Every structure is written in C-alpha cells, then in structure tokens.
Protein chains: 2
Amino acid sequence: MATKHDDVAARTSTGERVLAEAARLFRTKGYSATTMRELAAALDVNKATLYHYIGGKEDLLYKLSIESLERIITDVSRAIALQSDPLSRLVSAIKAHINTMLADRDKHATMLNELRALTGERANDVIELRDRYESLIRALLQEGLDRGLIRSDLGSEKYLTLGLLNLLNWTIFWFEPEGELTPQEIGEILASIYLFGVTADAAPASQRVGEAEEVDGRRG
Amino acid sequence: MATKHDDVAARTSTGERVLAEAARLFRTKGYSATTMRELAAALDVNKATLYHYIGGKEDLLYKLSIESLERIITDVSRAIALQSDPLSRLVSAIKAHINTMLADRDKHATMLNELRALTGERANDVIELRDRYESLIRALLQEGLDRGLIRSDLGSEKYLTLGLLNLLNWTIFWFEPEGELTPQEIGEILASIYLFGVTADAAPASQRVGEAEEVDGRRG
DNA sequence: GTCTATAGTGGGATAGAC
DNA sequence: GTCTATCCCACTATAGAC
C-alpha cells in the first residue's frame with residue numbers, strides 16, 4: 001500500500017504502528033492494565049490481526065524495552081565520544097540522556113516502569129542491557145574521580161551514579177512536550193544542578209553548562 | 001484474640017495485615033498484575049474473607065496512597081519546623097523525605113508507581129494530597145530564593161522542585177534495606193549533591209550537610 | 001493480511017451457610 | 001469473621017475461512 005510519495009506518518013508500517021501504539025498505552029495505563037482489545041481498537045483492527053505482527057503481549061514489551069535501551073546507549077555513547085574533558089563528557093551524557101528519553105517518552109517510560117513484567121530470557125536480556133548502560137555512566141564518573149574533578153568525599157562512584165540516574169530518569173513522569181521548557185533546557189538545568197548544586201555560591205558565573213554545543217549529525 | 005501481652009507483630013490487626021501485604025505485592029508485581037487471589041493466598045485466608053475487611057481492590061490502593069502521603073507530609077513538616085535557616089530546613093526536609101520513604105518502601109513505592117490506577121473521587125483525593133506535598137517543598141525553595149541562598153539563574157522554584165523530587169523519589173527503586181548504606185547516609189549524600197553539586201571544587205570542607213542532627217521525639 | 005468465532009483460563013466480587 | 005460455591009465478565013491467544 002505504501003509508495004515512495006507517502007509522507008512519513010503514512011509510510012510507517014503496520015508493525016511499527018502496533019509497537020508505537022502499544023508504547024503509548026503502556027506508558028499511559030501500564031503494561032498489565034492495557035489489554036490487547038484496547039490496542040486493537042486504538043489501531044482500528046481486529047484483535048486477531050495483532051497476532052499476525054507480534055508473538056504475544058510480552059513480545060511488545062520486550063521489543064520496546066530493547067529499543068529504548070539500545071537507543072539511549074547509542075546516543076549517549078556518541079555524545080560522550082565527541083568530548084575529551086571528563087566534565088564535558090558528563091554534561092554531554094546528561095543532555096543526550098534527557099534528549100533521547102524525552103524524544104520518545106512512550107518507549108522509554110515503558111522500559112523504566114514495566115521491566116518487572118518481563119519473564120525468563122527476555123527479562124535477562126533487558127536487565128543486561130540496562131546494566132550495560134549504567135556501567136557507561138559509572139565509568140564516566142569514575143574518570144572524573146580519577147582526575148580529581150569530582151568530589152571524592154561522597155564515597156565511590158556507585159552512589160554518584162545512582163543519584164544521577166535518579167535525577168534524570170524521573171523527569172519522564174512530569175515532562176510535557178507542550179510545556180514551557182524544551183528537553184534541551186531541562187537537560188541544562190539538571191546538569192547544572194548535578195555539577196554545581198543549587199546553593200547561591202556554588203556556581204560562579206564562569207561555570208555554566210551550556211558552553212559545549214553538541215555536534216549531532218542529524219537534525220539541522 | 002489479641003491481649004496486652006502480644007508482641008508488636010502479633011498485635012497487628014488483620015485489617016492492617018491485609019494492607020501491608022497488599023502494599024508488598026503491589027510494589028513487587030504492580031497493582032494491576034496483583035490478584036486478590038494472590039493476596040488471599042499470601043495471608044492464608046479465603047478470597048471471600050478479604051471482602052470483610054475492604055471494599056474492593058481499588059480501596060487498598062487508595063488507602064495505601066493516602067497513608068503514604070499523609071505520613072510524608074507530617075514527617076517532613078515536623079522536620080522543617082525544627083530548623084530556622086532556609087538551607088537547614090531544606091536539608092532536614094531531604095533527610096526526612098528519604099527516611100520516611102525508605103522506612104516503608106512498599107507503601108510509598110505503591111503510591112508513586114500506581115497512582116494512575118485510581119479513578120474518580122479517589123484519584124482526585126490522592127492528587128490533591130500529592131500536590132500539597134509538592135507545594136511544601138516548593139515553598140522551601142522559594143524561601144531560599146527570596147533570601148538569596150539559592151541560585152536564581154536556573155529559573156523559578158518550579159524546576160528546582162521537580163529536580164529535587166527526581167533526585168529523592170527514584171531512590172525507592174534501588175534501595176536495599178540490607179545494603180551498605182542506611183537511609184540516613186543516603187539522605188546525606190543526596191542532600192550534599194543537591195546543595196553543592198558533584199564537582200571537586202563545589203563543596204568546601206566547611207559546608208557539610210551532616211551538621212544539624214535531627215531531633216525526633218521517637219526512636220532513641 | 002484481515003476477518004469471525006471461540007477456546008480456555010482466570011479476573012473481581014457476592015450470596016449465604018456456619 | 002471465615003468459609004464454600006458460584007456468578008459474570010474480561011483476558012490472551014488460536015483456528016481457520018476468505
């Protein structure tokens with residue numbers, strides 16, 4: 001049915017539409033509370049038709065979770081690679097994390113919220129990817145500690161990493177695409193809080209977080 | 001059956017045991033994925049018996065959410081009232097938030113995760129309480145801004161509040177009671193990150209977060 | 001690739017005896 | 001206050017025609 005002249009929305013394959021709509025429902029209502037009937041109705045197809053595209057309900061969750069993590073690992077790795085100074089790498093990682101996460105809230109929120117609904121092999125796969133991402137961030141903080149750029153009085157990099165992921169991940173629950181701040185602006189605020197804190201004397205005017213503009217191949 | 005000589009665990013009424021077990025299951029498996037059959041089995045009673053104590057499944061979620069929010073509002077308000085300096089009040093609030101939240105993970109995680117499953121009047125009640133708590137924190141940051149103790153270059157108190165709640169709330173997903181840090185220690189780390197940031201020169205040794213020990217009526 | 005029809009299971013909740 | 005028995009409904013998934 002699709003031709004070269006269709007616009008992007010129309011060109012989206014049915015399989016991709018199923019995944020996208022599932023993500024939207026999973027984020028809004030939760031995985032377990034979402035029924036295959038609702039999903040079929042939202043896509044205006046028969047329930048049975050869904051099973052032509054997917055193996056089952058859990059497959060949807062699995063695919064979305066893997067996509068989410070692969071995407072954020074790729075984007076954050078790319079952002080880090082463009083910087084050499086450890087603190088600049090950290091700031092770039094924070095911005096990339098926020099940008100990627102908020103660019104597809106449905107998918108990333110589903111991964112963050114519904115991981116526990118996965119079972120067996122599928123759960124293992126996703127947890128392994130999630131741990132790999134966490135290691136990426138941990139290494140970044142360890143690098144800063146090694147070079148004396150990050151405070152060492154708060155202990156090892158472990159809780160610095162968990163604190164950072166706290167600060168970043170929960171954003172997905174209150175971000176509104178039509179709200180007053182862009183993901184870019186939110187990323188800068190959170191990066192500045194994380195690096196310099198909120199007290200008035202903590203961030204001299206020379207230390208701002210917006211200096212290194214990202215170089216991204218796409219999106220002019 | 002209960003007498004004055006029963007110990008605390010045994011004195012817990014059946015109604016309270018139902019709520020506590022529901023909270024445990026809701027946190028572990030999610031509200032929607034938890035069945036009344038499982039709950040009955042975990043308590044070793046018949047399914048029908050549950051309905052002698054509760055109005056229905058959603059009632060459980062409602063009661064847990066209200067308890068969670070009332071508890072944290074009470075505890076944090078009390079902690080704030082003991083301090084006069086805005087930054088000390090902020091630190092006390094952070095510690096109290098973390099302590100209360102981690103002292104009953106089941107209840108608080110359920111409230112944070114499953115609010116969307118509530119409907120109608122019950123949803124309104126809980127959202128109203130949640131907003132009241134958020135206002136409490138906002139006022140604290142506004143106070144710091146007014147007195148010039150908090151950075152004003154990050155915008156209004158709105159995103160400072162959301163950032164702080166990010167930093168605090170997500171902790172409930174990775175905290176382990178048998179882990180290496182106590183809630184008190186985690187609260188101190190997060191308070192220090194939030195106030196002073198993680199960069200090496202951001203926190204002079206004179207600015208530590210542990211100075212004002214809390215005065216709590218209970219627990220010697 | 002989409003449908004009708006339905007299998008098979010398990011969900012929340014209630015009636016009413018004890 | 002706890003039980004047995006059961007209602008009614010919604011769930012995921014499949015068979016098989018078109």
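From a predicted model like this one, the values you see are computed outputs, not experimental measurements. Labels below follow one simple rule: chain letters A, B, ... track the order of the sequence lines, proteins then strands, and each chain is numbered from 1.
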Reading 5' to 3' through nucleotides 7-12 of chain C, protein heavy-atom contacts under 4.0 Å coded B for base, S for sugar-phosphate only, - for none: ----BB
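- Taking 4.0 Å as the cutoff to heavy atoms of chain A, we find the contact window on DNA chain D bounded by dC11(D) to dA15(D).
- Across its full length, the helix from dG1(C)-dC18(D) to dC18(C)-dG1(D) shows an angle of 0° between the axes of its 5 terminal pairs at either end, rounded to 10 degrees.
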Pair Tyr31(B)-Thr110(B), side-chain contact (heavy atoms from CB on, under 4.5 Å): steps then yes or no: CA-CA 8 Å; Tyr31(B) 170 74; Thr110(B) 295; 5.9 Å; no
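- Just one of Lys47(A), Lys57(A), Lys29(A) meets the salt bridge (Lys or Arg N to Asp or Glu O under 4.0 Å) condition when paired with Glu38(A); it is Lys29(A).
- Between the side chain of Glu58(B) and the backbone N or O of Thr119(B), at least one donor-acceptor pair lies under 3.5 Å.
- Contact annotation: the side chain of Val18(B) never approaches that of Lys63(B) to less than 4.5 Å [non-hydrogen atoms, C-beta and beyond].
- A donor and an acceptor atom, one from each side chain of Tyr159(B) and Glu180(A), are located under 3.5 Å apart.
- Partner Ile186(B) forms a side chain to side chain contact (heavy atoms under 4.5 Å, CB included) with one of Ile189(B), Thr182(B), Leu190(B) and no other, that one being Leu190(B).
- Within the 3.5 Å criterion, the main-chain N or O of Ser88(A) finds a donor-acceptor partner in the side chain of Ser92(A).
- The aromatic rings of Phe173(B) and Trp170(A) sit parallel, their planes meeting at an angle under 30°, below the 60° perpendicular limit.
- The pair Asp106(A)-Arg27(A) meets the salt-bridge criterion, since a charged nitrogen lies less than 4.0 angstrom from a carboxylate oxygen.
- Atoms CG (Asn46(A)) and P (dT6(C)) sit 14 Å apart, rounded to a whole Å.
- Between Asp59(B) atom CG and dA13(C) atom C1' there is a gap of 13 Å when expressed in whole angstrom units.
- A donor-acceptor pair shorter than 3.5 Å can be found between the side chains of His97(B) and Asn169(B).
- Distance Tyr53(B) OH to dA13(C) P: 18 Å, rounded to the nearest Å.
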